[in-house]
Amino acid sequence: MQQEPVVRLQGVSKIISSRSLVSDLTLDISPGQVFGFLGPNGAGKTTTIRMMVGLMSISKGDIFISGHSVKNEFEKAISQVGAIVENPEMYKFLTGYQNLVHFARMSPGVTKERIAETIERVGLAARIHDKVKTYSLGMRQRLGVAQAILHRPKLLVLDEPTNGLDPQGIRELRDYLRLLTREEGITVFVSSHLLSEMELMCDTVAIIQNGKLIDVRNLRDEQGSDALMEVAFEVNDGERAVQLMEGEAVNQGNVIVMSLSREQIPEVNAKLVREGVQVYGIRTVTRTLEDQFLQVTGGGGIE
């Protein structure tokens with residue numbers, strides 16, 4: 001049975017001074033995953049996030065969070081959300097623990113036990129009683145995530161969370177987000193300009209351009225036996241191999257590339273060998289998220 005989406009965007013548009021920043025955006029986000037949001041410069045990523053968390057009004061359409069309308073039931077909808085838009089804000093002259101206690105007072109039902117559990121979850125136990133002004137950027141980011149998940153939201157929204165982080169900090173953040181989806185059941189909605197990190201971090205990515213959704217890609221689906229994949233055969237005679245495949249293959253310097261299902265790979269290999277073409281190697285051609293992004297956006301820049 002298919003689960004109801006945690007987030008549903010229905011025909012969402014944002015128009016300012018007759019200029020359309022987001023146009024008729026319709027998207028469902030399933031629970032328990034890290035969902036990436038990608039787009040070239042000015043695509044409307046941050047505008048969409050601001051509408052999701054109530055920092056910007058929705059011109060047309062609506063956004064539903066756990067079934068509650070952001071336009072008509074804002075308090076119920078936003079109670080299910082934890083968010084860091086741009087940089088996490090906190091009192092630097094207080095300790096990390098004092099910041100969490102202060103924030104917990106604004107969220108009913110957050111106990112001392114929950115605060116302690118969250119501190120352990122983000123790996124800040126050793127430094128939680130130090131003042132925030134002594135924290136590195138990565139530690140402040142972790143504290144921001146702890147603050148955002150204290151009230152057990154169903155959705156965590158992060159806008160460019162890796163900005164300014166070093167490679168270790170990015171790796172740690174990626175691991176924490178995966179942990180949150182697995183152990184807390186939180187759905188994470190994240191935008192980032194680091195495509196390689198998004199590929200490692202996300203289960204699904206949506207790509208928008210000029211305010212319109214142009215593609216949604218599941219990065220974790222295992223290919224079934226009937227799914228087509230790009231397969232490369234390294235051979236001794238590329239031209240002969242292409243002729244045998246009757247125009248279904250492309251020769252790339254004695255490496256022929258074809259779109260095949262899993263079952264077709266040994267059939268093609270047997271045919272090539274039977275017709276006297278020597279096959280030195282067979283491999284699938286994996287396109288990176290960057291390759292896919294550039295293909296669907298036409299090479300547009302990334303925020």
Side-chain angles (χ1 to χ4, degrees), residues 2 27-30 32-41 43 162 167 170-171 174-175 177-178 181-182 188 190-210 212-303:
Q2 189 173 4
L27 184 65
D28 284 354
I29 301 173
S30 301
Q33 65 170 317
V34 180
F35 190 95
F37 204 43
L38 300 175
N41 292 328
T162 57
I170 294 172
R171 171 70 179 270
R174 183 175 74 228
D175 291 343
L177 296 183
R178 302 297 307 172
T181 60
R182 186 170 65 250
V188 181
V190 57
S191 73
S192 176
H193 65 286
L194 297 177
L195 288 172
S196 59
E197 284 304 322
M198 291 288 270
E199 189 166 23
L200 293 171
M201 184 187 300
C202 298
D203 301 296
T204 307
V205 295
I207 301 174
I208 65 170
Q209 188 173 33
N210 299 322
K212 297 180 179 180
L213 180 69
I214 59 173
D215 203 10
V216 177
R217 307 227 166 176
N218 191 320
L219 304 182
R220 300 290 175 254
D221 266 351
E222 293 185 2
Q223 291 188 319
S225 60
D226 295 332
L228 293 180
M229 63 188 84
E230 295 291 300
V231 182
F233 294 80
E234 184 181 354
V235 296
N236 67 325
D237 189 343
E239 292 185 8
R240 169 70 174 151
V242 169
Q243 289 175 356
L244 290 171
M245 293 301 106
E246 300 176 349
E248 296 296 324
V250 177
N251 184 16
Q252 300 177 352
N254 286 342
V255 175
I256 65 167
V257 180
M258 305 179 64
S259 292
L260 301 171
S261 68
R262 184 177 179 84
E263 278 77 9
Q264 289 174 316
I265 296 174
E267 295 174 5
V268 170
N269 181 53
K271 181 176 182 178
L272 291 173
V273 173
R274 187 169 58 247
E275 297 294 336
V277 176
Q278 297 178 15
V279 179
Y280 302 121
I282 305 172
R283 58 183 171 83
T284 57
V285 180
T286 303
R287 292 191 304 148
T288 66
L289 180 58
E290 182 177 19
D291 294 332
Q292 298 176 53
F293 178 90
L294 294 176
Q295 178 188 24
V296 298
T297 62
I302 308 166
E303 287 184 358

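All values below come from the heavy atoms of this structure, side chains included, with hydrogens, waters and symmetry mates left out.
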Margin query: Just so I know, are the side chains of Leu38 and Ser191 near enough to count as touching, which here means a heavy-atom distance under 4.5 Å?
Written below: no
Notebook entry, point to check: Can you tell me if Glu275 uses its side chain to pair, donor with acceptor, with the backbone of Leu272 under 3.5 Å?
Noted result: no
Next item on the list: Check whether any side-chain N or O of Gln33 sits under 3.5 Å from a backbone N or O of Ser30 as a donor-acceptor pair, and report yes or no.
Entry: yes
Item checked: For the student: nearest non-hydrogen atoms of Ile208 and Leu213, plus distance -> CG2-CA, 3.9 Å
Notebook entry, point to check: So, for Leu177 and Met201, which heavy atoms are closest and what is the spacing to 0.1 Å?
Noted result: CD1-SD, 3.6 Å
Notebook entry, point to check: Met258 versus Val231: any side-chain heavy-atom pair under 4.5 Å?
Noted result: no
Next item on the list: Answer yes when Asp203 and Arg217 have at least one side-chain N-carboxylate O distance shorter than 4.0 Å, and no when they do not.
Entry: no
Notebook entry, point to check: Should Phe233 and Asn269 count as side-chain neighbours, where that means a heavy-atom distance under 4.5 Å?
Noted result: yes
Checklist line | Side chain to side chain, Val188 and Thr181, heavy atoms closer than 4.5 Å | finding: yes
Margin query: Taking side chain to side chain contact (heavy atoms under 4.5 Å, CB included) as the definition, give me every residue that meets it alongside Val250, ordered by chain and number, with sequence neighbours left out.
Written below: Gln252
Notebook entry, point to check: Between the main-chain N or O of Gly238 and the side-chain N or O of Asn254, is there a donor-acceptor pair closer than 3.5 Å?
Noted result: yes
Next item on the list: Measure across Ile282 and Ile265 and return the closest heavy-atom pair with its distance rounded to 0.1 Å.
Entry: CG2-CG2, 4.0 Å
Next item on the list: Report yes if some heavy atom in the side chain of Gln278 is under 4.5 Å from a heavy atom in the side chain of Val235; otherwise report no.
Entry: no
Checklist line | Min side-chain heavy-atom separation Arg174-Leu200 under 4.5 Å | finding: yes
Item checked: Heavy-atom side-chain proximity of Val34 to Val190 below 4.5 angstrom -> yes
Next item on the list: Indicate the atoms forming the closest heavy-atom contact of Val255 with Ala232, along with that distance.
Entry: CG1-CB, 3.8 Å
Notebook entry, point to check: So, for Asp28 and Phe35, which heavy atoms are closest and what is the spacing to 0.1 Å?
Noted result: O-CE1, 4.5 Å
Next item on the list: Heavy atoms only: give me the nearest Glu230-Val257 pair and the separation to one decimal.
Entry: OE1-CG1, 3.4 Å
Next item on the list: To the nearest 0.5 Å, tell me how far Glu267 CD sits from Lys271 NZ.
Entry: 10.5 Å
Notebook entry, point to check: Say you draw a straight line from CG of Asp237 to CD of Glu239; how long is it, rounded to the nearest 0.5 Å?
Noted result: 6.5 Å
Note to self: Measuring only between side-chain heavy atoms, which start at C-beta, is Tyr280 closer than 4.5 Å to Asn236?
What the structure shows: yes
